[in-house]
Amino acid sequence: MSVRVRFAPSPTGLLHIGALRTVLFDFVFAARHGGTNILRIEDTDRERYNPESEAEFIETLAWVGITFQEGPHVGGPHGPYRQSERKEAGIYAKWIQVLLEKGHAYKAFETKEELDEMREFQQVNKQPTGYFGGNWRDASPEKVAEAEAAGKPYVIRQRIPRDRKVVTEDFIRGRVEFDSNTLPDPVLIKADGMPTYHFAAMVDDHLMEITHVLRGEEWISSFPYHWVLFEQFGWTPPVFVHCPVIVGTDGKKLSKRHGATRVLDYAAQGYLKGSLKNFIALIGWSPGDDRELLTEAELIASFSLEGLQPSPGRFDIEKLKWINGNEIRSMSPDACLGALLDYINTPYTREYWEAFVDENPMPNKPPIDGKQIWARLDRVRAAAAQDREYLTKAIAEEQARVTTLADFGEAVEFFLLEEPPMDAKAVEKWFGQSHVPALLDTIEAAVKANPNLDIDGFQELLIGFQTEQGFEKLGPVVHPTRVALTGKTFGPGLYQLMAILGPDRILARLARARTLLTS
RNA sequence: GCUCCGGUCGUCUAGCGGUUAGGACAUCGCCCUUUCACGGCGAAGGUCGCGGGUUCGAAUCCCGUCCGGAGUACCA
């Protein structure tokens, strides 16, 4: 039997990191076994339905490159793939009828107020809360018929068998047992006629021939209802795999406070999809050996359910940064620039940075200015249009020095600006020394004499100046030059940087540096 | 309260009765070097939550306990 898995989000909001990992596992698992990955939209909650949500899913999934063989956007033999449409098609009505006839479900006519009252009573008396039968589990057919005839609204509940154990099977944890007397009768069909998750998801999983259900650990609590439902229908259940949750650095569920929780925000921050997938796969799963850097193909080739862990994992952004920096370094300069431009040209990147507010600024550093970050990235875009070759060289030099695509804006700034900002401290430290005017003169003369100086040429030039001046170390010649040319005390190798800058920029910057010497 | 789940360096993890408990991120040091990175090498960091068993032998099996988490909706 071939593997069929499904990602079944509820269109109520954004696609967050935890959900992304679940789909990643679906996708990779299906790919590993040549199976089918299915997208199903669980829009049975009219109140929380958010029409923008489905587009958010599609956009996010498209960005990370997770594809589906069946779903509302591509169709398939088991459609429709939206539960609201399945409801219209009468699918749930048909199957709830089966349950009703078998006596595994019943109509309950309590009002919302009555249920609230009951729950309050249970809480006050420290009893387990929930509906354990009320007035309707054992009501006579006449009583039910009467209530129905009177037009009273009702829900349909699952009749959980009493006085027995429900022995479920979770792939990761093995046997998980529940005392059926602690399980309230869950609602299967709401008063508005819509099915609940408990009903719709199980019916659909069966009808769509899902072989493995990968879902969040938070479902374990309601797992026994689902298990019993399969029993009551007489269906063989799929393999249930409850994946551990991803928590923030403080051990609590991932939220805004931990940085971004929306997947597209990571894209906007300059993380690469490959790195994000690599990183996220490693939370709660391991290939069983020591590999940590995995391409998507390797992920697929080595993925197995056995590598899944039961305990929750923390989202450690530092590790993501490492993986991301690594991927950036592994790209050819050309490919890297391509990725950078794709990133900059994604509308949400600009939107994200322009609206960015630094909520937890570092104590000793000024808060991050999103508008400035965008301004720098925008400059990169302009530079690409103007002189792509020059930009590519600059990118190549900075690849080892950044961790996200967004970092390139600042890293490459001094290459692009006619007059890069000067670090005042650096100017103070290096421009006061008496040999500096002569140094600048020497470079100027050499560049004018030979505009085509290459890396070796610049090295020769500066070392020549060093020996001429009798300096033991290269520092006194290299540092002032670097400050004069870049405004900074750090960056790529000076000779390669000069070779890239070229004679015109060098001359212009030397001239500017000279004005700072006198003042 | 009740029901479940979980617990190996700060973090992600390997481990499935016999290992000096391995790797990675982060941290620190050294090397490379004109700087910053990258890279290389190395260090520190774990009485495997705790307490009992079982066993010649336990991170690994059993029981208890503590702590953390999830659920407890006509939400998913």
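What you see is a predicted model, and the numbers here were worked out from it, not measured in a lab. Letters A, B, ... are given to chains in the order of the sequence lines, protein chains preceding strands, and every chain is numbered from 1.
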Verdict with supporting geometry, A/His242 and A/Arg215, side-chain hydrogen bond (donor to acceptor under 3.5 Å, both in side chains): CA-CA 5 Å; A/His242 292 99; A/Arg215 49 171 15 177; 2.9 Å; yes
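- Distance noted for atom P between B/A59 and B/C9: 14 Å (whole Å).
- Between the P atom of B/U72 and the CZ atom of A/Phe132 lies a distance of 13 Å, rounded to the nearest Å.
- Contact annotation for A/Glu110: base contact, defined as any heavy-atom pair under 4.0 Å involving a base atom.
- Each of B/U34, B/G1, B/U11 was ranked by its minimum atom distance to the side chain of A/Arg314; first place goes to B/U11.
- Residue contacts shown for A/Gln309 are limited to sugar-phosphate atoms, with no base heavy atom under 4.0 Å away.
- Using a 4.0 Å cutoff on non-hydrogen atoms, the parts of residues 462-476 of chain A near RNA chain B are A/Leu474, ordered by number.
- When heavy atoms are screened at a 4.0 angstrom cut-off, A/Thr489 is found touching base atoms of the nucleic acid.
- Summarising the local packing, CD of A/Glu120 is surrounded by 12 or fewer heavy atoms from other residues, nucleotides or ligands at distances under 6.0 Å.
- If you check every strand for non-hydrogen atoms under 4.0 Å, A/Pro244 touches nothing.
- Per the geometry, CG belonging to A/Leu497 stands 11 Å off C1' belonging to B/U35, to the nearest Å.
- A/Thr129 comes within 4.0 angstrom of a base, heavy atoms only.
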